[in-house]
Engineer: 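Sharing a structure with you now.
None of the values given here were measured: they were computed from a predicted structure. Residue numbers begin at 1 in each chain, while the letters A, B, ... track the order of the sequences.
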2 protein chains.
Amino acid sequence: MKAFVFSAALLLTLSGLPAAAQTNAPGVTAHPSPYNFPGIQYPRIEADSRVTFHFNATNAQKVQVSIANVPFDMVKGDDGAWTYTSAPQAPGYHNYWMVVDGAVVLDPGTQAFIGYSHMCNGFEVPEPGVDFYNIKDVPHGNVLIKNYFSKTANAWRHIFVYTPPGYDADTSTRYPVLYLQHGGGEDERVWIEMGRANVILDNLLAEGKVKPMIGVMETSAVGGGARGAGRGAGFGMGGQGGGPYGRLMTNDLIPWVDGNFRTLADKDHRAMAGLSMGGMQTAAITMVNLDKFSYIGLFSGGTAAGFGTGGRGSPIPFTAPTNTPASLNLQTIYSGAMANPADFNAKVKVFFFSTGTEPPLENPEGLKKHQEQLIAAGITNSHLYISPGTSHEWQTWRRSLYQFAPLLFQN
Amino acid sequence: MKAFVFSAALLLTLSGLPAAAQTNAPGVTAHPSPYNFPGIQYPRIEADSRVTFHFNATNAQKVQVSIANVPFDMVKGDDGAWTYTSAPQAPGYHNYWMVVDGAVVLDPGTQAFIGYSHMCNGFEVPEPGVDFYNIKDVPHGNVLIKNYFSKTANAWRHIFVYTPPGYDADTSTRYPVLYLQHGGGEDERVWIEMGRANVILDNLLAEGKVKPMIGVMETSAVGGGARGAGRGAGFGMGGQGGGPYGRLMTNDLIPWVDGNFRTLADKDHRAMAGLSMGGMQTAAITMVNLDKFSYIGLFSGGTAAGFGTGGRGSPIPFTAPTNTPASLNLQTIYSGAMANPADFNAKVKVFFFSTGTEPPLENPEGLKKHQEQLIAAGITNSHLYISPGTSHEWQTWRRSLYQFAPLLFQN
């Protein structure tokens, strides 16, 4: 029966839509990762959240498994298969890949996901008793794959649009919009495939905790640069309108969404949130477009303490993630949007930022100080969420969305 | 400018939605495959449709590139990179992967696609002057990612649903439905990602060549068996209702689609088509459910001459693809659905089958004889399409859909 449950879960992972890796709280028994193809036992999630990898490379001299970009040596067995069992992993989604005799490669036996500017394999560690990102028998919104033509990019753009349950039936209702941004080396797929944004919003709506809203996921790469290569360069977070992607959003994407979906097309009903580099972009774009956005979410990025406040060339000073923020200069930070705190408080209904607790890329103490400084300076609309036990990975951002979404469009 | 065009094309491939690999007919210049990440030069499609591969595996002893499951040795250069230039490739999409020191692996630098029961890399060879599967500035339907619960499988099922342009705006109109089935070792993603079914239907509709229709793409794996492992086994094409997947379709999928979309929910407005194993399944399922389907499309599979007419355990005799069909016994073939030709002709409006011309898996002469036999036996509704120069690959099936769809729902 166990095997059947997990092969059923696999069906939900196809094209990356999240698996409902249902677990029986509080105990978790060893099982194949839900992204494995049926019959594929490895990666195997052990009962204690260690993960066992197994890879056939009969003639290889050296094989490593890289988990979230940290390589670990595997050991060759008598049967020619290489194995490795990791330390216990935090709950949620983790990228991994293989390194075979110097070549970075993927295991073909599990699903592939975008990350680190290339395709990756993924595994999922369940969190006992936590199911806010699992598919449930509640009304489900639609996830639409759409293409629209951007004059700014001079190209067709491939995006995902989430419409809430009831959108199709109740054709006179208009809805607010949340723009959800990916991180560096990622693209528009990730908030659905690993973030499970649609599932999280469906579940929150069924509990009455959020307003029904439309979600839009686009790619921030505008020109021909390497995808996600830049933490600044190529994504041009500084400059007019929040940089090239900011200009694409305001000139092309937002007008297209407002023209093709039943949106409430004003600043009171528009939010943007992003993770890591996407948080930096969210800050860079929203802060110079406060006539268009009233809700701002910066997940593990985009604050003076959390993975930088902007990219190269940005008017916002870049701060290394583990730094304690210097005293804020409200005249210059966030493109000067906070120079008049009362004005910022009036324009922005929710200024949300979040972080995990685990080094090296998360900085909860710095974010606490950042919020203290904002409060001392007269900023009254900040919200800080700290995700316990998680790092610069997807569980932090699933939880951040789960915390952020209920704050949106409530008045 | 060329580089920009192809990075723009990449944006369309995310989550596998097809790239508009626009070419300037009649000439094609060398270019990176549109599924490569930006800045990745290889696979490079040469002007003469050869394909050059390049792979970094510094310490490997042997590296091969497997193109559509046929391995070719690569040669190591002084810089440690392995290279290979193929023979000219047919137009369209082709799966490939790498074999590094005995390990089947994927290149992380290009998009990944499902095929051969595991993830694959892919490349795309343009066909000069042919653009029926490229995104154009015409009205686009929606591709929806949906999850529904199947009691037959006791699992959430992840499916794609295409709704035609105008579906959202014209909320009183009801539409016919085409069920599109993947092949062995594939799943519900492929008709969108490699087949570009949505793009083909959008383009045909814009030309006035098809009726607007809904498209539904599900996975035929029902139980815990290896995905696509069976050409019969595990997919149980024989037996009651066309096998387990046939029962899932008629008990769960079709009622759910009819309950959740504005369909014309009768046999006159329902079609099914599939490729290879999906053609075999289409035959197995439709022929015992002629009260539910009036249009049948068998692409490279499911006929007495084209890759078998059924799986193991099927009442339809399995025939190797290159065999010339024996004389047909209309009492037994296709579950006996043709035992009374007049009855079959009355029930089935279009019985379409197709094949490429290239060995070893395509059998155009056999299909011609199959049609002759059907005609001689009194079957009047058959349509044969032969795709010139293509093999048991996607270009055959894109063209087959392009030929089949205009025959649907015309009266």
Engineer: Does any non-hydrogen side-chain atom of A:Asp168 lie less than 4.5 Å from one of B:Tyr167?
Structural biologist: no

Engineer: Looking only at heavy atoms, which two atoms of B:Phe37 and A:Met119 are closest? And how far apart?
Structural biologist: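 Shortest heavy-atom separation between B:Phe37 and A:Met119 comes out as CZ-SD, 3.7 Å.
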
Engineer: Show every donor-acceptor pair shorter than 3.5 Å between a side-chain atom in residues 56-69 of chain B and any protein atom, with sequence neighbours excluded, or say none if there are none.
Structural biologist:
{"unit_1": "B:Gln61", "atom_1": "NE2", "unit_2": "B:Asn59", "atom_2": "O", "d": "3.4"}
{"unit_1": "B:Gln64", "atom_1": "NE2", "unit_2": "B:Asp73", "atom_2": "OD1", "d": "2.8"}
{"unit_1": "B:Ser66", "atom_1": "OG", "unit_2": "B:Val70", "atom_2": "N", "d": "3.4"}

Engineer: Within this structure, what is the CG-CG distance for the pair B:Leu106 and A:Asp107, rounded to the nearest 0.5 Å?
Structural biologist: 8.0 Å

Engineer: Please report the shortest heavy-atom distance between A:Phe55 and B:Val104, naming the atom on each side.
Structural biologist: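 A:Phe55 and B:Val104 have their closest heavy atoms at CZ-O, 4.4 Å.
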
Engineer: Side chain from CB out, backbone as N, CA, C, O: work out which of these in A:Thr110 comes under 4.5 Å of a heavy atom of chain B, or both, or neither.
Structural biologist: backbone

Engineer: Is any side-chain heavy atom of B:Asn147 less than 4.5 Å from a side-chain heavy atom of A:His140?
Structural biologist: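 B:Asn147 vs A:His140: side chains touch.
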
Engineer: Please examine the side chains of A:Asn142 and B:Lys146, heavy atoms only from C-beta on, and report whether any two atoms are closer than 4.5 Å.
Structural biologist: yes

Engineer: State which residues pass salt bridge (Lys or Arg N to Asp or Glu O under 4.0 Å) with B:Asp258; sequence neighbours excluded, sorted by chain then number.
Structural biologist: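 Only B:Arg270 meet the salt bridge (Lys or Arg N to Asp or Glu O under 4.0 Å) criterion with B:Asp258.
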
Engineer: So, do B:Val105 and A:Met98 sit near enough that their side-chain heavy atoms are less than 4.5 Å apart?
Structural biologist: no

Engineer: Quick one: does B:Asp137's side chain get under 4.5 Å of A:Trp156's, heavy atoms only?
Structural biologist: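 Yes, their side chains come closer than 4.5 Å.
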
